[in-house]
Amino acid sequence: MKNLKGKVAAITGAASGIGRALALNLADEGCHLAISDINVAGLQETADMARAWNKTVRITTHQVDTANREQVKQYAEDAAKAHGAVHLIINNAGVLLLETLEDVSYKDFEWIMGINLWGVIYGCKEFLPYLKKQDAAHIVNISSVNGIFTNPNNGPYCTAKYAVRGFTETLAQELADTRVKVACVHPGGIKTNIANNARFYKSCDPSLVREDALAIFNKAMAGTSADKAAKIIIAGIKKNKMRIMVGTDAYVLDWLKRLFPVGFQKITGRKTAAAWMKKMAGLKS
Ligand SMILES: NC(=O)c1ccc[n+]([C@@H]2O[C@H](COP(=O)([O-])OP(=O)(O)OC[C@H]3O[C@@H](n4cnc5c(N)ncnc54)[C@H](O)[C@@H]3O)[C@@H](O)[C@H]2O)c1
């Protein structure tokens, strides 16, 4: 979709991080917004900020839990009704959970799959009928570099993000002959609230408490700003890229995994990954 001016974009998880930055940058492009989140106060803040960025765009806010199919269905209906059309859905809402696959409770596993996978599936299926009515439309699903390689104690997140990639790449093939373009986004580390809001039980090194894990993520891993991430994603949408990598780390990690599919999994395994991450964050081993 080359020109976003005057189009209507729906974004989930728009109260914070990448979702908020996408809303502001799309407003800057002249795109009307139907933004959603479970966090109503944060969502209102995003709407106010977007209005300050561009007074000419129409903005509606929608309280939506993406893990709830009925709410996502209603969101699509309300967004289309309020704006007369929807051209772009960005399935962005996501959460993080650190625990081993052995010990993770089914409740926590279902929580993360509900938001990170089912939320994406509901968003695609419920918005698709509205997108297909347009001359040009786009579906953008936010996976992760963890849709390409895995880390120990991050299994539920990796499971969801690999599944988002499988779902999105299949959808792109199925919609190839339509006017609806599909993109899968793989961000590396982005400075947002995702780690601060994570359900933290155990990270890959048992000696790391929550504060250490947060310090590692915020200091050593999250190298790209949310604003930069949003600009890269929007540039990818304009070029109709099917695969959008965000951040130098994402490119490097993707290539290492391709070159050394087994060896790379070993170095991102427990001992090496934990020692490297501690060093990067300036923590004692
Ligand atoms: N930050 C990173 O390093 C990074 C890397 C790769 C992928 N991602 C992905 O980017 C996306 C955005 O995450 P972020 O980093 O901006 O995090 P963030 O925590 O800053 O923002 C996530 C937003 O999702 C919302 N949300 C959570 N549960 C929800 C639900 N049930 N329904 C609706 N909204 C809900 C939150 O309220 C929040 O506003 C996620 O899918 C995440 O997995 C992030």
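Indexing begins at 1, ligand by ligand and atom by atom, following the structure's order. The figures that follow rest on heavy atoms only: side chains count, while hydrogens, waters and symmetry mates do not.
- Few gaps surround CH2 on W53; more than 12 heavy atoms of other groups in view lie less than 6.0 Å from it.
- Within a 6.0 Å sphere centred on CH2 of W111, heavy atoms belonging to other residues, nucleotides or ligands number more than 12.
- Under 4.0 angstrom from ligand 1, the non-hydrogen atoms of F217 all belong to its side chain.
- Within a 6.0 Å radius of NZ in K257, other residues, nucleotides and ligands contribute more than 12 heavy atoms.
- Every atom of ligand 1 with a heavy atom of A15 under 4.0 Å away is listed here by number and element: 39 (O).
- Residue contacts with ligand 1 include G189, since one or more of its heavy atoms lies under 4.0 Å from the ligand.
- For K81 and D78, the salt-bridge test fails: no basic side-chain N is under 4.0 Å from an acidic carboxylate O.
- In terms of polar-atom proximity, defined here as any N/O pair under 3.5 Å, D37 does make such a contact with ligand 1.
- Listed by atom number, the atoms of ligand 1 under 4.0 Å from N193 heavy atoms are 19 (O), 20 (O).
- Among all protein heavy atoms, the one lying closest to atom 32 (N) of ligand 1 is T66 N, 3.0 Å.
- Close contacts of ligand 1 with D65, meaning ligand atoms under 4.0 Å from a residue heavy atom, involve 30 (C), 31 (N), 32 (N).
- Checked by atom type, the side-chain pair H83/T60 shows a donor-acceptor distance below 3.5 Å.
- Using bins of under 30°, 30° to 60° and over 60° for the plane-to-plane angle, the ring pair Y75/H62 lands in the tilted bin.
- When only non-hydrogen protein atoms are considered, atom 13 (O) of ligand 1 lies nearest to I194 CD1, 4.0 Å.
- At least one heavy atom of I142 lies less than 4.0 angstrom from ligand 1.
- For the pair R199 and E99, the salt-bridge criterion is not met [side-chain N within less than 4.0 Å of a carboxylate O].
- Under 4.0 Å is where a charged nitrogen must lie from a carboxylate oxygen, and between R243 and D254 at least one such pair does.
- If you check which protein heavy atom lies closest to atom 41 (O) of ligand 1, you get N92 O, 2.8 Å.
- With contacts defined as side-chain heavy-atom distances shorter than 4.5 Å, the pair Y201/D103 does not qualify.
- Scanning both residues, E126 and A76, for their nearest heavy atoms gives O-CB, 3.5 Å.
- Within the 4.0 Å heavy-atom shell around ligand 1 one finds S143.
- Near Y157, meaning under 4.0 Å from one of its heavy atoms, ligand 1 places the atoms 6 (C), 7 (C), 8 (N), 9 (C), 42 (C), 43 (O).
- Taking every heavy atom of G17 and a limit of under 4.0 angstrom, the matching atoms of ligand 1 come to 16 (O), 20 (O).
- Contact of the H138 side chain with the V180 side chain is not registered, since no non-hydrogen atoms from C-beta on lie closer than 4.5 Å.
- In this structure, A15 and R20 approach most closely via the heavy-atom pair O-NH2, 3.1 Å.
- The G13 neighbourhood of ligand 1 comprises atoms 23 (C), 24 (O), 25 (C), 39 (O), with distances under 4.0 Å to a heavy atom of that residue.
- Close approach to V95 involves these atoms of ligand 1, each under 4.0 Å from a residue heavy atom: 27 (C), 28 (N).
- In R69, the CZ atom is not crowded: 12 or fewer heavy atoms of neighbouring residues, nucleotides or ligands sit closer than 6.0 Å.
- Heavy-atom contacts of V64 reach the following atoms of ligand 1: 32 (N), 33 (C) (cutoff under 4.0 Å).
- Nearest non-hydrogen protein atom to atom 35 (C) of ligand 1 is I38 CG1, 3.5 Å.
- Protein heavy atom nearest atom 22 (C) of ligand 1, with residue, atom name and distance: G94 O, 3.7 Å.
- Counting protein heavy atoms only, atom 15 (O) of ligand 1 is closest to T192 OG1, 2.6 Å.
- The pair E29-K7 does not meet the salt-bridge criterion, since no charged nitrogen lies less than 4.0 angstrom from a carboxylate oxygen.
- In this structure, A14 has no heavy atom closer than 4.0 Å to ligand 1.
- Ranking protein heavy atoms by distance to atom 4 (C) of ligand 1, first place goes to G188 O, 3.9 Å.
- With respect to atom 18 (P) of ligand 1, the closest heavy atom belonging to the protein is S16 OG, 3.6 Å.
- Of the N or O atoms in A67, none lie within a sub-3.5 Å distance of an N or O in ligand 1.
- Geometrically, ligand 1 and I190 share a nitrogen or oxygen pair separated by less than 3.5 Å.
- With contacts defined as side-chain heavy-atom distances shorter than 4.5 Å, the pair T268/T150 does not qualify.
- At least one heavy atom of K161 sits closer than 4.0 Å to an atom of ligand 1.
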